[in-house]
Q: 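Before I ask anything, here is the structure I am working with.
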There are 2 protein chains.
Amino acid sequence: MDFQERASQAIRDSGGRMTAQRQIIVELLADAHEDLDADGLFQQAHACDTSISLATVYRTLNTLEAAGLVRQHYNSRDHDRKVYQLIEADAGYHFTCRNCRRVIHFESALVQQIKQMLEMEFGVQVMNACVCMDGLCPDCQTAQLIKGA
Amino acid sequence: MDFQERASQAIRDSGGRMTAQRQIIVELLADAHEDLDADGLFQQAHACDTSISLATVYRTLNTLEAAGLVRQHYNSRDHDRKVYQLIEADAGYHFTCRNCRRVIHFESALVQQIKQMLEMEFGVQVMNACVCMDGLCPDCQTAQLIKGA
DNA sequence: TACGTTATTGCAACTCGTTCTCAATAAGAG
DNA sequence: CTCTTATTGAGAACGAGTTGCAATAACGTA
């Protein structure tokens with residue numbers, strides 16, 4: 001059962017309806033090679049169906065997240081927008097350079113360990129983790145030193 | 001040298017001026033027992049000096065953060081507002097229940113390990129880490145089960 | 001297959017944290 | 001004390017995300 005079938009299933013199980021708009025959004029998410037934000041998704045969806053609205057994109061993303069099909073992240077240092085990815089995709093995390101805004105993607109088993117610690121220690125069920133780091137990339141550290149000298 | 005002196009120093013070093021408004025905000029931050037958001041800080045500052053403006057609070061917080069004196073976090077699941085704390089305070093992280101919004105504060109050496117890994121592997125200098133977890137607290141897990149049955 | 005209920009949609013107006021503009025003020029070097 | 005210019009207060013502006021409402025359409029049922 002692929003993602004789209006599972007999505008239909010999950011939506012219907014919770015009393016929802018699988019509409020053409022949701023179908024489009026689900027397909028775009030399943031085909032995405034990188035995290036997408038609501039507006040990017042809207043641009044793409046609009047190319048398929050010019051009548052689709054941004055509000056529907058937001059509502060669908062929230063529905064999918066509530067159904068446990070999609071994960072919401074904040075990647076950038078200033079958390080200025082949410083990005084979305086399939087729950088089954090590898091969760092990647094991001095470091096953003098304060099100065100040049102370069103983004104470095106990383107993965108780490110340590111995040112998983114933090115989740116486990118929380119589940120063990122507090123009995124919670126962790127459903128999403130947002131890990132954003134920021135600071136200076138190697139280039140900007142050097143630039144900073146030169147400027148300071 | 002306490003925080004306020006260091007703050008004055010750092011601000012002056014970068015060509016800034018230590019104003020009465022900044023003094024108030026720095027004091028409030030130094031005395032805070034918990035993370036504060038801009039509005040909370042504004043309320044308190046307003047009690048000291050009714051003429052202080054919210055814009056100044058925001059500007060000062062950004063100045064302090066750029067000077068490396070203050071840390072910005074997002075604690076809640078929806079990242080709806082930034083909270084601030086002294087850089088020298090213990091950085092705590094937060095788990096938020098999706099259902100009842102209860103917040104569980106936690107600390108973990110693992111976050112520190114992630115920073116070290118990034119510094120080793122990519123040569124970056126990590127200046128801030130935002131780690132937000134969400135999911136279901138023990139009570140809401142139980143409630144969920146009952147509802148589903 | 002047609003019907004009726006009601007979830008979903010598009011649109012536009014709205015929310016609200018945060019930033020910006022700009023004229024007025026004041027810090028602090030000289 | 002003076003001059004330069006960083007900083008301020010007030011309010012407008014910004015922008016991601018949400019919401020109210022009337023119109024539309026999904027899908028269980030007859």
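In what follows, chains are A, B, ... by sequence order, proteins preceding strands, each numbered from 1. Note that the structure is a prediction, hence the values are computed from the model and not measured.
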Q: To the nearest angstrom, how far is Gln23(A) atom CD from dT9(C) atom C1'?
A: 16 Å
Q: Can you find a pair of side-chain heavy atoms, one from Leu69(A) and one from Arg6(A), that are under 4.5 Å apart?
A: yes
Q: Check the orientation of His94(B) and His105(B). Use parallel for under 30°, tilted for 30 to 60°, and perpendicular for over 60°.
A: perpendicular
Q: Give me the residues of residues 32-41 of chain B where at least one heavy atom lies under 4.0 Å from an atom of DNA chain D, by number, or none.
A: none
Q: For a 4.5 angstrom cut-off between non-hydrogen side-chain atoms, does Phe122(B) reach Phe106(A)?
A: yes
Q: Ala20(B) or Val83(B): which one's nearest nucleotide on DNA chain C is closer to the 5' end?
A: Val83(B)
Q: Between protein and nucleic acid, restricted to nucleotides 19-21 of chain D and to nitrogen or oxygen atoms under 3.5 Å apart, what atom pairs and distances do you find?
A:
| from | atom 1 | to | atom 2 | distance (Å) |
| --- | --- | --- | --- | --- |
| dG20(D) | O6 | Arg59(A) | NH1 | 3.2 |

Q: Can Arg22(A) and Leu64(A) be said to form a side-chain contact (heavy atoms from CB on, under 4.5 Å), step by step?
A: CA-CA 9 Å; Arg22(A) 288 181 176 178; Leu64(A) 293 173; over 6 Å; no
Q: Please give, in whole Å, the distance from dA10(D) P to Leu54(B) CG?
A: 11 Å
Q: How close do Ala129(A) and Met133(B) get, heavy atom to heavy atom, and via which atoms?
A: CB-SD, 3.4 Å
Q: To the nearest 10°, let me know how far the axis at one end of the helix from dT1(C)-dA30(D) to dG30(C)-dC1(D) is tilted from the axis at the other, five pairs an end.
A: 40°
Q: Go through it in stages, so that I can follow the logic: the residues are Arg71(A) and Glu88(A), the test is salt bridge (Lys or Arg N to Asp or Glu O under 4.0 Å), and I'd like the CA-CA distance, side-chain angles, deciding distance and then a yes or no.
A: CA-CA 9 Å; Arg71(A) 179 161 42 220; Glu88(A) 59 198 2; over 6 Å; no
Q: Using nucleotides 27-30 of chain D, report all nitrogen or oxygen pairs with the protein that are shorter than 3.5 Å.
A:
| from | atom 1 | to | atom 2 | distance (Å) |
| --- | --- | --- | --- | --- |
| dC27(D) | OP1 | Met18(A) | N | 2.9 |

Q: So do Asp80(A) and Tyr74(A) actually touch side chain to side chain, heavy atoms under 4.5 Å?
A: no
Q: Do Val124(B) and Ile104(A) touch side chain to side chain, with heavy atoms closer than 4.5 Å?
A: yes
Q: Under a 3.5 Å threshold, yes or no: a donor from one side chain and an acceptor from the other, between Thr56(A) and Ser53(A)?
A: yes
Q: Just N and O in the side chain of Gln21(B): are any of them under 4.0 Å from OP1 or OP2 of dG9(D)?
A: yes
Q: In whole Å, what is the span from the CD1 atom of Ile11(A) to the C1' atom of dT6(C)?
A: 17 Å
Q: Round to a whole Å and report the spacing from CG of Leu61(A) to C1' of dT18(D).
A: 13 Å
Q: Any side-chain heavy-atom pair from Asn99(B) and Gln141(B) closer than 4.5 angstrom?
A: no
Q: With heavy-atom distances below 4.5 Å as the criterion, would you say the side chains of Arg12(B) and Arg17(B) are in contact?
A: no
Q: Would you mind reading off the distance between Phe42(B) atom CZ and dT18(C) atom C1', rounded to a whole angstrom?
A: 14 Å
Q: Specify the separation, in whole Å, of atom OH of Tyr74(B) and atom P of dG17(C).
A: 13 Å
Q: Over 60° means perpendicular and under 30° means parallel, so classify the ring planes of His73(B) and Tyr93(B), tilted if in between.
A: perpendicular
Q: Flag the pair Val111(B) / Leu110(A) as yes when at least one side-chain heavy-atom distance between them is below 4.5 Å, and no otherwise.
A: no
Q: If you look only at pairs with a residue in residues 24-36 of chain B, which of them pass as a salt bridge (charged side-chain N to carboxylate O under 4.0 Å, His left out), with sequence neighbours excluded?
A: none
Q: Provide the closest heavy-atom pair for Cys97(B) versus Cys100(B) in the form atom of the first, atom of the second, distance.
A: SG-N, 3.5 Å
Q: May I ask you to say what Ile52(A) touches in the nucleic acid, namely base, sugar-phosphate or nothing, with a heavy-atom cut-off under 4.0 Å?
A: sugar-phosphate
Q: Checking side chain to side chain contact (heavy atoms under 4.5 Å, CB included) between Leu29(A) and each of Ile24(A), Leu61(A), Thr60(A), which is the one that passes?
A: Leu61(A)
Q: Please write out the pairs of protein N or O atoms and N or O atoms of nucleotides 14-16 of chain D separated by less than 3.5 Å, giving the distance to one decimal.
A:
| from | atom 1 | to | atom 2 | distance (Å) |
| --- | --- | --- | --- | --- |
| dA16(D) | OP1 | Arg81(A) | NH2 | 2.5 |

